[in-house]
Colleague: 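Dropping the structure in here first, questions after.
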Amino acid sequence: MYILKRIFVWLRRFPHSRGFGVQSPFAYKFLRYVVNEHNPYYAYAELKRDLPHLDLLTRKLAKLYFRMANYAQAKTWYIYNDLPDAYRQYIHRGSLTSDIIQDVMPLDTYTVALVGTDHNYADICWQLIAKANDKSILIIDQIYKSKETRQLWEELIHDNRTIITFDLYYCGIIFFDKMMYKANYIVNF
């Protein structure tokens with residue numbers, strides 16, 4: 001089922017492949033060297049050996065979160081709601097110095113937060129947006145899971161506090177750097 005859906009999504013988003021048409025140098029580099037990086041990282045083989053049971057979508061997202069951890073090198077990752085444990089393992093291997101905190105709201109600002117779309121996820125997202133600074137990154141898993149998640153994603157795109165948003169279909173990534181121009185990128189991931 002995932003493969004058929006993946007083909008359909010890929011065909012619909014084909015014009016948005018590998019940074020095509022992206023004018024922002026930041027967005028282009030992020031898309032090419034983080035989101036759509038296809039080179040094997042040092043820990044992929046070990047993680048695949050340690051986690052052989054993962055389905056294709058979970059492994060694809062876990063690898064993205066690994067690359068995000070490697071990119072952000074955040075001191076702390078905040079993870080909310082029920083997400084596969086494999087995500088935590090991939091994130092930890094992507095940045096060995098990052099602490100991963102589950103379901104605890106940061107007291108002040110944060111660098112990276114990953115939110116699953118279960119249990120009051122909308123409230124969590126709005127709280128995280130209120131605490132975001134220019135260096136914060138908010139990742140929302142499964143933004144097209146339901147009508148409610150799609151509606152929240154649209155609200156987040158149009159919120160004046162969110163600056164750069166990347167719609168990867170299977171997740172959404174939000175940057176808050178006010179030095180950049182507001183933009184939403186639909187990405188064939």
Side-chain angles (χ1 to χ4, degrees), residues 18-19 22 24-51 54 57-81 83-117 121 124-125 127-143 156 161-185 187 189:
R18 298 182 57 84
V22 174
S24 163
F26 162 77
Y28 182 79
K29 284 182 197 172
F30 181 73
L31 289 174
R32 289 289 292 177
Y33 303 115
V34 179
V35 173
N36 286 316
E37 176 64 63
H38 296 297
N39 291 327
Y41 275 81
Y42 54 89
Y44 282 178
E46 293 172 19
L47 287 162
K48 187 173 185 175
R49 186 194 68 231
D50 295 344
L51 303 163
L54 295 182
L57 178 58
T58 303
R59 188 169 309 279
K60 181 179 184 89
L61 286 170
K63 285 180 176 181
L64 171 65
Y65 301 150
F66 173 96
R67 294 189 302 271
M68 289 290 301
N70 195 351
Y71 167 79
Q73 291 296 316
K75 180 180 177 189
T76 305
W77 272 67
Y78 293 93
I79 298 179
Y80 300 90
N81 290 331
L83 291 167
D85 187 55
Y87 291 173
R88 283 183 282 286
Q89 293 180 46
Y90 272 80
I91 290 166
H92 177 69
R93 291 298 300 275
S95 177
L96 296 173
T97 60
S98 293
D99 293 325
I100 301 171
I101 299 175
Q102 181 78 32
D103 294 325
V104 175
M105 188 62 65
L107 296 174
D108 196 13
T109 61
Y110 62 93
T111 306
V112 182
L114 172 60
V115 179
T117 51
Y121 65 93
I124 292 169
C125 288
Q127 289 176 40
L128 289 167
I129 285 174
K131 294 177 183 257
N133 64 21
D134 287 352
K135 303 292 183 210
S136 298
I137 303 169
L138 175 58
I139 306 166
I140 304 169
D141 198 57
Q142 302 298 324
I143 59 174
L156 295 174
R161 295 169 289 184
T162 64
I163 307 301
I164 304 284
T165 54
F166 294 95
D167 175 345
L168 280 58
Y169 187 82
Y170 301 106
C171 72
I173 303 171
I174 301 172
F175 288 87
F176 299 89
D177 188 349
K178 292 170 188 59
M179 296 301 291
M180 297 185 200
Y181 291 105
K182 188 167 181 66
N184 177 49
Y185 297 100
V187 180
F189 169 68

Colleague: Working to the nearest 0.5 Å, report the span between CG of Asp177 and CD1 of Ile137.
Modeller: 10.5 Å
Colleague: Would you please indicate yes or no on a ring centroid separation below 6.0 angstrom for Tyr71 and Tyr33?
Modeller: no
Colleague: Find the distance between CG (Leu156) and OG1 (Thr165) and round it off to the nearest 0.5 Å.
Modeller: 9.0 Å
Colleague: Does any N or O in the side chain of Arg67 come within less than 3.5 Å of the main-chain N or O of Val35, such that one atom is a donor and the other an acceptor?
Modeller: yes
Colleague: Does the side chain of Thr109 come under 3.5 Å of the side chain of Lys135 through a donor N or O and an acceptor N or O?
Modeller: no
Colleague: Could you tell me if the side chain of Val34 sits less than 4.5 Å from the side chain of Met68, heavy atoms only?
Modeller: yes
Colleague: Identify which one of Ile140, Asp141, Ile143 satisfies the side-chain contact (heavy atoms from CB on, under 4.5 Å) criterion when paired with Thr117.
Modeller: Ile140
Colleague: Check the side chains of Thr76 and Asp99 for a donor-acceptor pair under 3.5 angstrom, ignoring hydrogens and angles.
Modeller: no
Colleague: Inspect the surroundings of CG in Leu107 and state if more than 12 heavy atoms from other residues, nucleotides or ligands are less than 6.0 Å away.
Modeller: no
Colleague: For the rings on Phe189 and Phe166, is their centre-to-centre separation under 6.0 Å?
Modeller: no
Colleague: Judged by atom type as modelled, is there a donor-acceptor pair below 3.5 Å linking the side chain of Gln73 to the main-chain atoms of Asn70?
Modeller: yes
Colleague: If you look at every heavy atom in Leu83 and Gly116, which pair is closest and at what distance?
Modeller: CD2-CA, 3.6 Å
Colleague: Return the CD1 to CZ distance between Ile163 and Phe175, rounded to the nearest 0.5 Å.
Modeller: 12.5 Å
Colleague: In terms of ring plane angle, is the pair Tyr44 and Tyr41 parallel, tilted or perpendicular, where the classes change at 30° and 60°?
Modeller: tilted
Colleague: Check Tyr65 against Cys171 and note the closest heavy-atom contact, atom names and distance.
Modeller: OH-CB, 3.6 Å
Colleague: With a 3.5 Å distance limit and no angle check, can you tell me whether Arg161 reaches the backbone of Ala132 through a side-chain donor-acceptor pair?
Modeller: no
Colleague: Answer whether the closest heavy-atom distance between the side chains of Leu61 and Gln142 falls below 4.5 Å.
Modeller: yes
Colleague: Of all heavy-atom pairs between Leu47 and Gln89, which one has the smallest distance, and what is that distance?
Modeller: CD2-O, 4.2 Å
Colleague: Before accepting this row, confirm whether a basic side-chain N of the pair Lys63/Glu37 lies closer than 4.0 Å to the acidic partner's carboxylate O.
Modeller: no
Colleague: Does the side chain of Phe66 reach to within under 4.5 Å of the side chain of Ser95, using non-hydrogen atoms?
Modeller: no
Colleague: Under 4.5 Å between any side-chain heavy atoms of Ser98 and Lys75, yes or no?
Modeller: no
Colleague: Would you indicate whether the side-chain heavy atoms of Ile139 and Trp77 approach each other to under 4.5 Å?
Modeller: yes
Colleague: Determine, step by step, whether Tyr80 and Met105 satisfy the side chain to side chain contact (heavy atoms under 4.5 Å, CB included) criterion, reporting the C-alpha distance in whole Å, the side-chain angles of both residues, the deciding distance to 0.1 Å, and the verdict.
Modeller: CA-CA 9 Å; Tyr80 300 90; Met105 188 62 65; 3.9 Å; yes
Colleague: Can you confirm whether Gln102 sits close enough to Arg88 that some side-chain heavy atom of one is under 4.5 Å from a side-chain heavy atom of the other?
Modeller: yes
Colleague: Would you say Tyr110's side chain and Leu128's backbone share a donor-acceptor pair under 3.5 angstrom?
Modeller: yes
Colleague: If you define the side chain from C-beta out and look only at heavy atoms, does anything of Val115 sit under 4.5 Å from Leu138?
Modeller: yes
Colleague: Mind listing the closest non-hydrogen atom pair of Phe176 and Ser136 along with its distance?
Modeller: CD1-O, 3.4 Å
Colleague: Could you check whether any side-chain heavy atom of Asn184 comes within less than 4.5 Å of a side-chain heavy atom of Ile164, counting everything from C-beta outward?
Modeller: no
Colleague: State whether the side chain of Asp103 and the backbone N or O of Asn81 hold a donor-acceptor pair below 3.5 Å, judged by distance alone.
Modeller: yes
Colleague: Between the side chain of Thr162 and the main-chain N/O of Ile174, is any donor-acceptor distance below 3.5 Å?
Modeller: no
Colleague: Just how far is it from atom CG of Asp108 to atom NZ of Lys131, taken to the nearest 0.5 Å?
Modeller: 7.0 Å
Colleague: Just checking Tyr90 against Tyr87, ring centres under 6.0 Å apart?
Modeller: no
